[in-house]
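Report on one structure; see the data block that follows.
Heavy atoms only: backbone and side chains are in, while hydrogens, waters and symmetry mates are out.
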Amino acid sequence: LRFQECFCIVNRFKQQHYRLMDLEMYKNYEVESFEGEEFILERLAEFGFSRGQSFQLVGRSLFGQPYIAKIGNLKVALRAVELESIKVKV
């Protein structure tokens, strides 16, 4: 591994945010940040995801996708690529 690759790996472990796919069902979480393609971030914003917004992961299909997230009274279905773009505080 080159120095730059090692540095990125170490920094990843120091961060305190987690991917939505790794979280427990029915627990409240708060959005910390987003990363990903612009069109995915725009779609998440249209669904109501924003920095500081609370939500729950409430379900998923038998085959793993889509996941169902509840934001206030709204439930939305999200694909894995969208979930990977959401970072949360735990």
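One finds the CD atom of E35 at 11.0 Å from the CD1 atom of I40 (value rounded to the nearest 0.5 Å). If you take CZ on F49 and CD1 on I86, they are separated by 4.0 Å, rounding to the nearest 0.5 Å. Expressed to the nearest 0.5 Å, how far CG of L78 lies from CZ of F55 amounts to 9.0 Å.
Put simply, the side chain of Y29 gets close to the backbone of E24: a donor and an acceptor are under 3.5 Å apart. Between the side chain of K87 and the main chain of E84, a donor-acceptor pair closer than 3.5 Å is present.
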Worked check of side chain to side chain contact (heavy atoms under 4.5 Å, CB included) between L57 and M25:
CA-CA 5 Å; L57 188 61; M25 296 285 205; 3.8 Å; yes

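S54 and I71 make their closest contact through O-CG2, 4.2 Å (heavy atoms, listed as atom of the first residue, atom of the second, distance). Scanning all heavy atoms of the two residues, the minimum distance from S85 to L44 falls at CB-CD1, 4.0 Å. S50 and V31 get closest at one heavy-atom pair: O-CB, 3.3 Å. Residues F34 and L41 approach most closely at CB-CD2, 3.5 Å, considering heavy atoms.
Within the structure, salt bridge (charged side-chain N to carboxylate O under 4.0 Å, His left out) contacts touching residues 42-58 (residues at least two apart or in different chains) are R43-E82.
Within the 4.5 Å cutoff, the side chain of K70 has no heavy atoms near those of the Y26 side chain.
Every residue meeting the side-chain hydrogen bond (donor to acceptor under 3.5 Å, both in side chains) condition with N28, not counting sequence neighbours, appears here in chain and number order: Q56. R60 pairs by the salt bridge (charged side-chain N to carboxylate O under 4.0 Å, His left out) definition with nothing, not counting sequence neighbours.
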